[in-house]
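Everything numeric here is computed off the predicted structure, so don't read it as measured data. Atoms within a ligand are numbered from 1 in the order they appear, just like the ligands themselves.
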Amino acid sequence: MAAPRRKKARIAETAGKCQQQVLFPETNIFIVDRKMTKARHDFLQALARRKGFAVCDQYGSGVTHIIAEDLSTDQVMEYFQKKGVTSLYPGQELLTMEWFTRSMEEKRPIHCTDSLRLRPSQAAVPVATESIAEPMPKYECQRITRLKHHNHRFTTALALLEEHAGYLQSGKQDSRALAFRKAACSLKALHHPLTNIEEARKLPHIGRHSLEVIQDILEDGFSREVQDICDGDFYETMQLFTGIFGVGATTARKWYETGFRTLDDIRNDSTLSLKRDQKIGLDLYQDLNTPVSLAEADIIQDLVNSEVQKLQPGATVVLTGGFRRGKTEGHDVDLLISHPTEGKETGLLSAVLARLRGKDLLAYETMSANTYDPSSVSKKEYTLDHFERCFSIFKLDKSLISSTQNAKPTSESPAGVVQQGTSNPDRPHQGEEVSLERAGGTASFSEGDKTAEKTWVGRRVDLIIAPASQYAYALVGWTGSKHFNRSLRLYADHERNMKLTSHVLYDTVKHQYLPASSEEDVFHHLQLPYREPAERNC
Ligand code: UTP
Ligand code: MN
């Protein structure tokens, strides 16, 4: 490829200077440099340090996570033996590069599972047998996209570029960010690791810019562009500021351009008139930037469900969003509330909120009324949601969390650690500021609540009410991913002459609505094979 010399010189300059604040003191990474160029090894070390990980240059008893690329445990032991190390210290994990890239992607050390551990011998590593000759379908909703796939090394870089593009432009015309997302989606759906650029060229939606990034990673092991973004303070500051509840890319960028760099810069500037949600976002910064675990989501679902049942027996409260797609962590909890009898859901949301408020479980809430208008399906705004809905912040009692079996070990979410941005690369910026500002919002939040001794953790919860007749569409819409929905809607429109929303499906040729009582019905109407929620992670 062109001009690799210039690139490599630059990497050598920057590789050593990136040691930053250690956010995860209980995780000490050691990256095995066998089967890896020095440039890639340097890059990976610098990347981890920039993300707040401690990286050991030398192997020793302090190492907790040993990372190797394309090596078996036998090969790693052979490598250590050559260095005079005959056995590893107890508790040290031998992990694949997938653990590393996913941890970088999620900006925290992810849990070590068997599938992320090295295997005894190379022969045990499964080789993809699927046909590579079959062309990949154009629409993401036609493919199977799982959380775990074969190309994290590329998709991590593309996700970062997508996030960065969103910070630069923000708003509806964000075509650059979308181009990166679409390229990443094609790689996520690939049945095997991509090994050459020609194959990438044959995949749908891989534009020129994404191809360059992929080529860099194939040739050098990393993307210089990604490295440059990480080296500058724009991306880091934008992550920090957009991590404030109620702050979207536009406000964050304005603050960055003003010269603000830290949360204290925002807190201490008397000329800024922060909105109520933004003030809470600052006060609860740490809580709201620590990922919500599945165990916590289950507790919140139970809390809401028990109030709902008291008010309207037989109603359903379903955990949707990323958790329904199999994620074990999320930035919020999305609960879809309905009742099998149409009409019985009316008035339920305000009644539930009153009960939750009565129990002092809400730190913040902002309601939006049901503005669904069936005639709007043929208009442009059909993609918007019009359900009765409440954005809230729950006060989740710490004693409830610690008593759950699945409570996370401290190494995953160490106390006192502020994780920047969100845990989810699928969600670079949400532009919440608009809707929250419009809705106002009420807070129940005392001075005492701001102290470190507060007995609860703030958790973002979205409560959505859907009438029975719209439930199947609402379930598809709120399960996501956002990009899967986007693709479904485009497919419906362009391939089937239908308008799909989270409320209905409308056939624009026959001029009729198509009722659905299950998600399978929705896919069936669209003549698409059914995809399980876990297969919608594009
Ligand atoms: P989220 O933003 O919560 O995403 O929206 P997520 O996939 O659950 O990710 P994390 O884990 O919380 O970060 C959940 C689903 O709800 C839909 C989105 O399209 C997504 O599929 N949604 C969200 C809407 O339909 N309308 C909205 O206004 C917001
Ligand atoms: Mn969610």
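Counting heavy atoms under 4.0 Å from ligand 1, residue D332 touches it through both backbone and side chain. Contacts between R389 and ligand 1, counted as non-hydrogen atom pairs separated by less than 4.0 Å, involve the side chain only.
Separation of the F245 and Y364 ring centroids falls under the 6.0 Å cut-off. Residues F234 and H164 place their aromatic rings such that the two centres sit under 6.0 Å apart.
Aromatic ring pairs are classed by plane angle as parallel below 30°, tilted from 30° to 60° and perpendicular above 60°; the pair H209 and F180 is perpendicular. Below 30°, between 30° and 60°, or above 60°: for F484 and F523 the angle between ring planes is between 30° and 60°, a tilted geometry. Relative orientation of the F24 and F53 rings is tilted, given thresholds of 30° and 60° on the angle between their planes.
Of the inter-residue distances, the one linking T366 atom OG1 with R276 atom CZ reads 9.5 Å to the nearest 0.5 angstrom. For the atom pair NZ (K327) and CD (E106), the distance works out to 7.0 Å, reported to the nearest 0.5 Å.
The Mn ion (ligand 2) has D332 OD1, D334 OD2 as its protein N, O or S neighbours under 2.8 Å.
Within the listing of ligand 1, atoms 3 (O), 8 (O), 14 (C) sit less than 4.0 angstrom from a heavy atom of D334. Atoms of ligand 1 found under 4.0 Å from any heavy atom of N485, numbered from 1 in the order shown, are 19 (O), 21 (O).
Of the candidates S481, G321, G480, G477, G477 brings a heavy atom nearest to atom 17 (C) of ligand 1.
Between the side chains of Q239 and E163, at least one donor N or O sits under 3.5 Å from an acceptor N or O.
Checking only distances, G322 does come within under 3.5 Å of ligand 1, N or O to N or O. For ligand 1, one of its N or O atoms has an N or O atom of R325 under 3.5 Å away.
Remark: R389 qualifies as a cation-pi partner of F391 under the 6.0 Å distance and 45° angle criteria applied to the six-membered ring.
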